[in-house]
Amino acid sequence: MTLLCELSIDGEPVPKARARTFQRGGKVMSITPTKTRRWEDLIRLRAVQAWGGKDPYTGPVCLEMTFFCWSPRGDLSNYIKAVEDGIGT
């Protein structure tokens with residue numbers, strides 16, 4: 001396997017939080033919590049920088065992740081989901 005891209009994101013990892021769903025004016029709306037959205041935006045920014053302006057990968061992708069958490073919240077799958085959503089897999 002060839003390493004095509006490596007990302008290192010500084011800061012405390014944020015697990016994916018459930019979107020808040022509500023009704024306004026007869027329409028159902030969902031909003032991702034601010035902390036989750038900011039973390040995913042940072043991951044997306046670092047991924048785009050690492051890709052060097054190239055198109056994101058297409059086809060199968062293998063992800064290897066290491067999280068360093070000072071005060072873990074949530075389960076591992078929520079940390080992974082935030083990364084996947086941030087890079088758009």
Side-chain angles (χ1 to χ4, degrees):
M1 179 173 61
T2 304
L3 178 64
L4 300 176
C5 178
E6 183 175 334
L7 301 176
S8 180
I9 313 295
D10 293 332
E12 176 86 10
V14 177
K16 179 77 175 188
R18 187 180 308 267
R20 308 296 184 242
T21 303
F22 58 94
Q23 200 169 25
R24 180 179 290 162
K27 294 183 180 180
V28 176
M29 303 175 80
S30 292
I31 296 177
T32 299
T34 302
K35 195 170 183 179
T36 299
R37 186 176 35 80
R38 286 182 180 158
W39 180 244
E40 290 175 353
D41 288 347
L42 177 60
I43 292 168
R44 187 172 298 108
L45 173 66
R46 296 293 187 256
V48 168
Q49 291 170 340
W51 293 330
K54 299 175 189 166
D55 290 335
Y57 303 117
T58 57
V61 175
C62 177
L63 299 174
E64 181 178 312
M65 300 179 212
T66 303
F67 298 97
F68 296 96
C69 303
W70 293 270
S71 56
R73 308 168 304 287
D75 59 28
L76 180 60
S77 64
N78 289 330
Y79 286 96
I80 293 170
K81 179 68 175 154
V83 173
E84 291 173 337
D85 288 353
I87 63 174
T89 62

Check: How close do Pro13 and Phe67 get, heavy atom to heavy atom, and via which atoms?
Finding: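 Smallest interatomic distance, heavy atoms only, reads CB-CD2, 3.9 Å.
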
Item checked: Ala82 versus Glu40, closest heavy-atom pair with distance ->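 Closest heavy-atom pair between Ala82 and Glu40: O-CG, 3.6 Å.
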
Notebook entry, point to check: Taking only residues two or more places apart in sequence, or in another chain, which ones meet Thr66 in a side-chain contact (heavy atoms from CB on, under 4.5 Å)?
Noted result: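 Testing Thr66 for side-chain contact (heavy atoms from CB on, under 4.5 Å), a comparison that skips the adjacent residues, returns Phe68.
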
Margin query: Taking side-chain contact (heavy atoms from CB on, under 4.5 Å) as the definition, give me every residue that meets it alongside Leu45, ordered by chain and number, with sequence neighbours left out.
Written below: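 For Leu45, the residues satisfying side-chain contact (heavy atoms from CB on, under 4.5 Å) (neighbours in sequence not counted) are Gln49.
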
Margin query: Determine whether Ile87 and Leu7 satisfy the following criterion, side-chain contact (heavy atoms from CB on, under 4.5 Å), listing intermediate values before the conclusion.
Written below: CA-CA 10 Å; Ile87 63 174; Leu7 301 176; 4.1 Å; yes

Checklist line | Listed once per pair and sorted, the salt bridge (charged side-chain N to carboxylate O under 4.0 Å, His left out) pairs that draw on residues 42-53, sequence neighbours left out | finding: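 Sorted result for residues 42-53: Asp41-Arg44.
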
Would you tabulate the side-chain donor-acceptor contacts of residues 20-37 under 3.5 Å, counting partners in other chains and residues two or more places apart, or write 'none'?
residue: Arg20; atom: NH1; partner: Arg18; partner atom: O; Å: 2.8
residue: Thr21; atom: OG1; partner: Ser30; partner atom: OG; Å: 3.0
residue: Thr36; atom: OG1; partner: Ala17; partner atom: N; Å: 3.3

Next item on the list: Mind checking side-chain hydrogen bond (donor to acceptor under 3.5 Å, both in side chains) for Asp10 and listing every partner two or more places apart, or none if nothing turns up?
Entry: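 side-chain hydrogen bond (donor to acceptor under 3.5 Å, both in side chains) check on Asp10 returns nothing, list empty.
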
Check: Residues in salt bridge (Lys or Arg N to Asp or Glu O under 4.0 Å) with Arg38, at least two apart?
Finding: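 Residues passing salt bridge (Lys or Arg N to Asp or Glu O under 4.0 Å) with Arg38: none at all.
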
Item checked: Inter-residue atom distance Trp39.CH2 - Glu12.CD, 0.5 Å rounding ->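 Going from CH2 on Trp39 over to CD on Glu12, the span is 8.5 Å.
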
